[in-house]
Protein chains: 2
Amino acid sequence: MQRKNVTITDSEWMVMRAIWTMGHATSRELIDAMNELEGWSASTTKTLLHRLIQKQAVAQHGGSRPFTYKPVVGEKESMAATADDLFDHMCAMRAGSTIADVIQSRELSRADIANLQAILAEKAKTAPEEVQCNCLPGDQTC
Amino acid sequence: MQRKNVTITDSEWMVMRAIWTMGHATSRELIDAMNELEGWSASTTKTLLHRLIQKQAVAQHGGSRPFTYKPVVGEKESMAATADDLFDHMCAMRAGSTIADVIQSRELSRADIANLQAILAEKAKTAPEEVQCNCLPGDQTC
DNA sequence: GTTAAGAGGCTACAAACGTAAACTTAGAAT
DNA sequence: ATTCTAAGTTTACGTTTGTAGCCTCTTAAC
């Protein structure tokens, strides 16, 4: 069974990122941005933009020729989805307490830490005793 | 310029995961495991195993025929590396305080939270005031 | 020594990706 | 109206990935 692709790839994310930063953009603006940021040729950006449209991550607006491109997917939602995927992945990788490892390995500023502590304190109020993680059968570390 | 691949792909991770769980394994064991877990054919597992050997993520041990395969990369280290990649990615996605978002979107048990709080408290002692994140130029949200 | 069965290795092939050239069309300038 | 040019569309091509078939040894059994 061949796979069915609906995933946004790395280079596509870069374009999304640019669009999000700009809010909306013409192809020219995007081409220039991507050329500046990644050194891509115009064609490359065009292709990626097209693929994003096909994947319905970006929409073409404005009836006449210099169209405007806007994100269909908000970055917040994408972020949440990605975060979840990533953690599933890490969980799948059987990393003991995954989030803990991540925090350990990450450089954080005082402000970040304070922020996190606040969030955790809040979360602690409603946290369940146990949480499931679909690991390998027989895996005890997760 | 074509890309230069040294990345371990998703399905390859699955094999790594199995090897890590078993500590070390023969191809037969891996084939059976992957068949059970993912329904893969023997060939698929063999191919992936081979690619992993080429990528030097797994090594062949034992001189005679039923070889033993062992991970070259420890899962802890892989975990750390992955976590960092992932966070770079999230950071690239301009998600305000990325880690916070992740924690927000994740279900955590009381034990997990306590654990995290301990880690954060520890980290707070040595945390720098500011931390860099290489975002898009002009990006103020990161 | 011959053979069978499984381990290991090569080959295959479609989909997806990264990257980009070539072609077409619709407004802008003359 | 004709031409130029930028915007948009098609096509291309080598690589990577997911998935798997088939061939070739090695080792164990007869």
Practice item. Walk me through it: do A/K46 and A/L49 pass the test side-chain contact (heavy atoms from CB on, under 4.5 Å)? Key: CA-CA 5 Å; A/K46 287 182 193 178; A/L49 189 52; 5.6 Å; no
Check your understanding: Please give, in whole Å, the distance from D/dT16 P to A/D10 CG?
Key -> 14 Å
Review point. Can you check the B/I31 CD1 to D/dA20 C1' distance for me, whole Å?
Key: 12 Å
Exercise for review: Would you tell me if any nitrogen or oxygen in the side chain of B/H50 comes within less than 4.0 Å of OP1 or OP2 on C/dG8?
Suggested key: no
Study note, to complete from the structure: Quick note, B/R65 side chain, CB onward, closest among D/dC25, D/dA7, C/dC17 is D/dC25
Practice item. Starting at atom CG of B/L52, determine the distance to atom C1' of D/dT16, rounded to an integer number of angstrom. Key: 14 Å
Practice item. Give a yes or no on whether A/I53 and A/V73 share a hydrophobic cluster (residues Ile, Leu, Val, Met, Phe, Trp, Tyr; joining criterion: side-chain heavy atoms under 4.5 Å apart). Key: no
**Study point:** For B/Q117, all residues meeting side-chain hydrogen bond (donor to acceptor under 3.5 Å, both in side chains), sequence neighbours excluded
**Key:** none
Review point. Counting only side-chain N and O atoms of B/T9, is one of them less than 4.0 Å from OP1 or OP2 of D/dG18?
Key: yes
Review point. Considering the options B/H24, B/M22, B/M16, which one meets the side chain to side chain contact (heavy atoms under 4.5 Å, CB included) requirement together with B/W20?
Key: B/M16
Point to revise | Distance, rounded to the nearest Å, where B/Q54 contributes CD and D/dT16 contributes P | key: 11 Å
**Study point:** Axial bend angle, the helix from C/dG1-D/dC30 to C/dT30-D/dA1: five-pair end segments, nearest 10°
**Key:** 10°
Check your understanding: Listed by chain and number, what are the side-chain hydrogen bond (donor to acceptor under 3.5 Å, both in side chains) partners of A/D32, not counting sequence neighbours?
Key -> A/R28
**Study point:** Interatomic distance, B/M34 CE vs D/dT19 P [rounded to whole Å]
**Key:** 10 Å
Review point. Closer than 4.0 Å, any side-chain N/O of A/K46 to the OP1 or OP2 of C/dC23?
Key: no
Check your understanding: Does A/S41 make a side-chain N or O approach to OP1 or OP2 of C/dT19 shorter than 4.0 Å?
Key -> no
**Study point:** Heavy-atom pair with the smallest gap, counting every atom of A/K55 and A/E12
**Key:** NZ-OE1, 2.9 Å
Revision key, fill the gap. Atom CG of B/L49 and atom P of C/dG9 are separated, to the nearest Å, by 9 Å
Review point. Which of these passes side chain to side chain contact (heavy atoms under 4.5 Å, CB included) with A/V58: A/V72, A/L48, A/I19, A/L30?
Key: A/I19
**Study point:** Minimum-distance nucleotide (side-chain atoms of A/W40 versus C/dG8, C/dT19, D/dT27)
**Key:** C/dT19
Study note, to complete from the structure: Separation of D/dG8 atom P from A/E29 atom CD, nearest Å, is 11 Å
Review point. Should A/S11 be listed as having a side-chain N or O under 4.0 Å from OP1 or OP2 of C/dG18?
Key: yes
Check your understanding: Taking atom OH of B/Y69 and atom OG of B/S27, what is their separation to the nearest 0.5 Å?
Key -> 5.0 Å
Review point. Ignoring hydrogens and angles, does a donor from either the side chain of A/S27 or the base of D/dA7 sit under 3.5 Å from an acceptor on the other?
Key: no
Review point. Is any side-chain N or O of A/R51 under 3.5 Å from a base N or O of C/dT19, one able to act as donor and the other as acceptor?
Key: yes
Review point. Between the side-chain atoms of A/R28 and the base atoms of D/dG8, is any donor-acceptor pair under 3.5 Å?
Key: no
Point to revise | Whole angstrom value for the distance that separates P of D/dT16 from CG of B/L48 | key: 16 Å
Exercise for review: Please determine, for the side chain of B/Q60, which listed nucleotide (C/dG18, D/dT17, C/dG8) has the closest atom?
Suggested key: C/dG8
**Study point:** Nucleotide nearest A/S43 when distance is taken to its side chain, options C/dA20, C/dG9, D/dA20
**Key:** C/dA20
Practice item. State which of D/dT27, C/dC17, C/dT19 makes the closest approach to the side chain of A/T7. Key: C/dC17
Practice item. Starting from the 5' end of DNA chain C, give me the residue, A/T44 or A/P66, whose nearest nucleotide shows up first. Key: A/T44
Check your understanding: Contact class for B/T26 vs. all strands (heavy atom < 4.0 Å): base, sugar-phosphate, or nothing?
Key -> nothing
